[in-house]
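Inspection log for the structure reproduced underneath, given as structure tokens.
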Protein chains: 2
Amino acid sequence: MSDAQAPEKRRAPAKEVKNSKEGDERHDAIYRSVSDAIVEQRLKPGARLREDALADVFGISRTGIRKILQRLALEQLVTLTPRRGASVTRPTADEAKDVFDARQLIECGLMPDVARRMSEKEAAELREMARQERQALRSGQQSVAIRLSADFHVRLAQLSGNATLAEFVERLCSRSSLILAVYGHRGHLGCESHDHDDLIGYLETGNGERARAFMSRHLKAIEASLSMFEEEENVPDLQQIFGE
Amino acid sequence: MSDAQAPEKRRAPAKEVKNSKEGDERHDAIYRSVSDAIVEQRLKPGARLREDALADVFGISRTGIRKILQRLALEQLVTLTPRRGASVTRPTADEAKDVFDARQLIECGLMPDVARRMSEKEAAELREMARQERQALRSGQQSVAIRLSADFHVRLAQLSGNATLAEFVERLCSRSSLILAVYGHRGHLGCESHDHDDLIGYLETGNGERARAFMSRHLKAIEASLSMFEEEENVPDLQQIFGE
DNA sequence: GATGGAATTACTGTATACAATAAATGGCAG
DNA sequence: CTGCCATTTATTGTATACAGTAATTCCATC
């Protein structure tokens with residue numbers, strides 16, 4: 001599996017230099033790629049992320065990789081240890097508690113605003129997201145379902161109109177996904193699959209307080225579904241994980 | 001014409017500090033130095049931050065400067081425009097509203113926890129911070145006072161025991177400082193200087209609900225003290241300015 | 001003069017080379 | 001065989017060189 005998978009961008013001459021959209025989008029794509037891989041647990045907590053290995057896989061230099069790793073570290077999906085490199089964050093029980101307490105405070109607090117601002121169109125969009133999530137769960141893709149569930153919560157927060165709080169929720173949700181991926185039960189998402197649909201119902205009718213209470217129970221249910229046990233570590237095969 | 005001001009004035013270019021400090025701490029010191037300069041408005045909103053210039057001033061290469069700028073950008077103290085470099089963020093009215101709404105939700109929500117966990121020692125520490133803040137205000141150092149006030153709010157949030165929410169508050173406070181520096185009235189800090197002492201009183205007696213309500217009024221007062229006039233267009237109307 | 005456009009300059013984006021440090025290896029003594 | 005120290009290797013940290021792009025200047029043309 002040495003080089004068969006790396007596409008022709010390996011050493012593309014001037015001809016294809018422009019192929020990578022704008023360098024900026026390329027970086028963003030790589031960022032999302034790694035972020036998704038972590039959240040979907042294809043990169044497991046504790047896994048080391050060597051810079052030149054990633055640089056090889058994505059065909060950019062370590063400079064760009066370092067930038068991406070620093071961004072991931074700021075969102076606490078990866079842990080940066082000085083002189084010893086990056087690894088996928090292994091969330092602790094304390095962190096899990098902090099994250100879910102924060103979600104209680106923020107996401108519940110946003111529900112009245114969301115209920116006030118929600119329109120037909122957005123409700124439909126949310127229902128579609130909930131549908132995809134159910135489907136992923138039915139087809140056994142638990143990790144994907146976890147990520148889709150997080151996307152749902154983030155979209156909801158964005159509908160509040162407060163970009164700052166929405167960004168906080170985004171960070172909390174990606175950390176939650178990591179927590180769920182580690183401490184969650186197999187076959188039990190935490191979110192009951194109909195929960196999100198029920199929530200949309202309350203929001204559609206403008207019942208902010210009802211939605212707030214429901215969100216609170218919903219988050220409590222997710223947190224309660226966690227079981228804290230330790231994971232083993234192993235060396236990830238980056239080629240396989242990111243290979244296309 | 002009015003050039004962007006020179007960043008961070010330093011008299012002695014050659015410093016002994018460089019060798020003794022670990023590179024990591026050095027970076028952090030530079031980060032704080034720039035962050036403080038922005039929050040205290042020695043670097044004004046809109047000011048360009050050229051990489052070479054900063055590299056010269058601090059005696060490290062552009063690599064390190066870029067890393068620091070990216071971190072500042074993530075905290076939204078600095079705005080990074082692709083291919084056009086970094087500049088001090090110019091907060092908008094919408095952002096100000098988002099930030100203060102977020103503070104209402106989070107800081108008020110934390111008060112009961114803080115009240116529950118606060119001890120003698122921490123109360124004393126907070127009183128000392130409040131004292132320094134008053135002193136800075138009395139001696140006319142408004143910008144310094146703004147930063148010290150932010151420090152107070154951050155320390156308070158840390159006492160809640162939730163590191164995640166405390167970090168959010170930290171970010172909100174530094175952005176608030178920038179907002180205050182831009183939209184605040186001279187000689188009016190927003191925070192009445194005795195407010196913080198009153199708050200400590202409520203917390204000391206474990207009266208979380210009282211503290212929450214007080215914090216809410218406190219933040220509303222700060223926000224109300226802002227004079228939100230929209231900024232000039234990117235192209236100023238010279239006709240109007242120099243007319244007649 | 002004013003205007004458009006080429007040449008010049010200034011600055012950012014990216015890769016790479018080199019230095020510093022931690023990990024791994026191997027050899028030697030006990 | 002085992003533990004410790006020297007040496008080698010692997011990997012990160014930092015500076016620098018180079019390429020690409022926006023801004024500026026300068027000149028020719030109308």
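Letters A, B, ... mirror the listed sequences (proteins, then strands); counts begin at 1.
Look at CD1 on A:Ile68: it is 12 Å from C1' on C:dT14, rounded to the nearest Å. To the nearest angstrom, C1' of C:dG13 lies 11 Å from CD of B:Gln70. Rounded to an integer number of Å, the gap from CD of A:Glu25 to P of C:dG13 is 15 Å. Between B:Arg26 atom CZ and D:dG13 atom C1' the separation is 15 Å, expressed in whole Å. In this structure, B:Asp28 places its CG atom 16 Å from C1' of D:dG13, rounding to the nearest Å.
Between B:Thr79 and B:Ser87, the side chains place no donor N or O within less than 3.5 Å of an acceptor N or O (distance only, hydrogens not considered). No side-chain donor-acceptor contact under 3.5 Å links B:Thr164 and A:Arg171. Inspection of the A:Ser176 and A:Arg103 side chains reveals an N or O donor paired with an N or O acceptor under 3.5 Å. Using modelled atom types and a 3.5 Å distance limit, the side chains of A:Ser143 and A:Arg42 yield no donor-acceptor pair.
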Using the 3.5 Å cut-off, write out each protein N or O paired with an N or O of nucleotides 15-18 of chain C and the distance between them.
residue	atom	partner	partner atom	Å
C:dA15	OP2	A:Ser61	N	3.1
C:dA15	OP2	A:Ser61	OG	2.8
C:dA15	N7	A:Thr63	OG1	2.7
C:dT16	O4	A:Thr63	OG1	3.4

Produce the list of close N/O pairs, under 3.5 Å, pairing protein atoms with atoms of nucleotides 7-11 of chain C; give distances to one decimal.
residue	atom	partner	partner atom	Å
C:dC11	OP1	B:Arg50	NE	3.3
C:dC11	OP1	B:Arg50	NH1	3.1
C:dC11	OP2	B:Arg50	NH1	3.2
C:dC11	O3'	B:Arg48	NH2	3.3

ask   = Yes or no on salt bridge (Lys or Arg N to Asp or Glu O under 4.0 Å) for B:Arg117 and B:Asp113, after CA distance, side-chain angles and deciding distance?
value = CA-CA 6 Å; B:Arg117 299 172 52 115; B:Asp113 291 321; over 6 Å; no
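Of all non-hydrogen atoms in B:Pro45 and B:Thr89, the two that sit nearest each other are CB-O, 3.6 Å.
One finds no side-chain N or O of B:Arg66 lying less than 4.0 angstrom from the OP1 or OP2 phosphate oxygen of C:dT12.
Between A:Phe100 and A:Leu226 the shortest side-chain heavy-atom distance falls below 4.5 Å.
With sequence neighbours left out, the side-chain hydrogen bond (donor to acceptor under 3.5 Å, both in side chains) criterion links A:Glu223 to no other residue.
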